[in-house]
Amino acid sequence: MKIKGILETGKLEEAISASSLDLERAGVLPNERIVFRLTFEEILLLFNEALDTGTCFVVHSKKQRGCYFLTLSIEGREADPFAMESPILKRLLDSTENKPKWEYRGGKNIVSFCFPLYNTLWNNISFAWKYVGKQRGILIMSTVIQLISVVLGVIAPVLSARIIVQSMNDNVRRVVAIAIVLAVVQLVKNFLLVISNKGYNKVVCETLSVLESDLVMGALRIRNKCLEERGSGLFIQRLTGDTVRMASGFGRIADMTAQAVNYIGILLAMLYINFWVFLLTLSLLIAESMIEIYRTRKLYADDRIFRSANEKFSGFVGEMIRGVKDVKQLGAEEAFCNEAKKRVGDANDKRLIMQGNNWTIKLVRWEVSELGSLIFITLLAVFMGRGIIPVSTLIVLYNYYMSLDVRAVTLAGEFLEYAKDFSLSVERVCAILHGPEFPKERFGDQEIKDPKGGISFEDVTFGYDLKDPVLKKRNVLEHFDLRISPGEMVAIVGKSGCGKTTVLNLLCRLYDPDKGRVSLDGTDIRSLTKASLRSAITVVNQNPYIFNMSVKDNLRIAKSDMTDEEMREVCRLASIDADIEKMSDGYDTIIGEGGVNLSGGQRQRLAIARSLLQDYRIIIFDEATSALDNVTQSEIQKAIDLIKKERTVILIAHRLSTVIHSDRILYMSDGRILDEGSHEELLEKCEPYRLLYQEEGV
Ligand SMILES: Nc1ncnc2c1ncn2[C@@H]1O[C@H](COP(=O)(O)OP(=O)(O)OP(=O)(O)O)[C@@H](O)[C@H]1O
Ligand SMILES: [Mg+2]
């Protein structure tokens, strides 16, 4: 890409938009593109202020050695934009690792950006090849078998031409003999084709099962923050459509290669028969292939943009279906429809552009092809008229040309189209497993075999990341200190939004603190292995998720080797046993997606039972009993009293009545602990706590 322009004209906007689009086409990550766009705009504005109006600028971009380079050069006196003390530019540069560079050379200010591309074609192919794994032998065998069937395919037109010539000579016996040979050739060819396709199918199925299970594991390793930002629609698409395209990729490519060999064979046969006819055919093929290559390249670039718009739509629909109850109860159907219309409209606009370009270029190719056929037939007629070729050769050449004309050219396009689809799918699958777009959770290597359950937060500051890097991040916790001894039962109370759930998110390492440290038994949780951390803490969430499986299977998620006795015991402790026994199939009753056929309180109690199964040292209840009535609540309270003997228990609750028996109550406000003590102590010394208690009227 190259754009020339003058500062202070509409060209500036054009350069910014074109460069951003170019970055998107090259596959630069979305976050980097946002930062780039803002940085580029700011740099142009700074130059605009520092240099004379009417100064010429040039934007130039290229892909090289796995990197994407973009350079902006502006004529005029020396002006370093990074030394111009722009606070916006400084903040933008702080938020990216791909910092641009400036230099003054040959009377020009040159700013260069460099983005490493992790999804180059070579990386994609080697990633996919790795997944073919043990099936490589079968893949190679199938390709060889297919090549043999292709060679038989080249012989067939020669035999059919012979049949025509011999019939013209009234040689019946020869005709029958050649027809038998032709039938045998076709039979063997078909047989080999089926064998090779069965081989390809095996490769696809085996690759798919390894790939899809790896992808599920990969998706579970992605950091929470990223999963929340990207939505589930994207993962569903990649886990279903893209994996199939990737797994079938090598088979299809091998299949196409074999067909290409077939066409090369035909071309060589033409060359042997007549050089000029061969030359004309080759030139026509090259001309049509060039048009076809241009079409697929354009399609590839447009498709990347369309898919990204479509992902935004499918993600939105997925979310809408999951939250359909809330949407209806809020009467938000219209707002959702409007948003859906906007997103689908955007995706369809992109699709329309893509398809429009595609058809126009296809039309050009078809017309060139028709013109080519006319020239070819004229040439054959002239050669035959002058006695250069006999009728039989004319038939063979015509047969060859007809089998090449349409298919050989479409194959080049088809191959590129498929390779593009394959590469894009590999890129999207690979991104989930290894791409920087989907950062993975990282754990340390320190193990705690028998955790005691001591917890400490030391001077922790934390804020959720905002999508827009220019906006200022707000800290949810600031200089937060907390120490909980092993076996203690602590309650955290405070107004909604003060950061209670955030505390437990940090403790489970769903997020990492920006400053300070969180430790378990004195060890920073960042240095613990995943198993040590996850098997020390269990959480009953504010909104527990119940899966679309039987009650028993929902419990088994927490402990795969659970016995029936254990299952009944935890259900009894969580006061859900009677409810389950009343269900149609008892413990085998299937619960709808998200637990739809359970009441809010039943969901909470089932989640409590699930956590009790995990005999972990620390158990956290985050508003886990908010939907329960007073009687059930007191039943659960008894269960908590039972288990607290050997465990550290953290209760997060709005209703103070549920926490007054805790060893210690912490009152949180605006991301800090305002006061702490027993219920009686807090009533005495902490005004907001007293007010909260009085409001509740317990
Ligand atoms: N994933 C998130 N991304 C961005 N901001 C968040 C996220 N989760 C919570 N917040 C913000 O962090 C603040 C603290 O949220 P948190 O869930 O910790 O509150 P809470 O004390 O548990 O409230 P409640 O009692 O209502 O559950 C809120 O202002 C909330 O808007
Ligand atoms: Mg909360």
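Whatever order the structure lists ligands and atoms in, that order sets their numbers, starting from 1. These figures come from a predicted structure and were not determined experimentally. Just so you know, residue 1 is the first one in the sequence shown, and it goes up from there. Computation of the quantities below employed the complete heavy-atom set of this structure, encompassing side-chain atoms and omitting hydrogens, waters and symmetry-equivalent molecules.
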Between [Y] and [X], does any NZ, NE, NH1 or NH2 come within less than 4.0 Å of an OD or OE carboxylate oxygen?
{"X": "Asp577", "Y": "Arg572", "result": "no"}
{"X": "Asp553", "Y": "Arg556", "result": "yes"}
{"X": "Arg509", "Y": "Glu441", "result": "no"}

For the residue pair Phe316 and Phe336, is the inter-centroid distance of their aromatic rings smaller than 6.0 Å? yes
Please state whether the separation between the Mg ion (ligand 2) and some N/O/S atom of Ser496 is under 2.8 Å? no
Judged by non-hydrogen atoms, does Tyr511 sit under 4.0 Å from ligand 1? yes
For ligand 1, is Arg474 a contact, meaning one of its heavy atoms is under 4.0 Å away? yes
Evaluate the ring planes of Tyr511 and Phe462, with Trp represented by its six-membered ring, and classify them as parallel (under 30°), tilted (30 to 60°) or perpendicular (over 60°). tilted
Under 3.5 Å between some N or O of ligand 1 and some N or O of Val476? no
When only distance counts, is Glu623 in polar contact with ligand 1, meaning an N/O pair under 3.5 Å? no
Under 4.0 Å from one or more heavy atoms of Thr502, ligand 1 contributes atoms 14 (C), 15 (O), 16 (P), 18 (O)
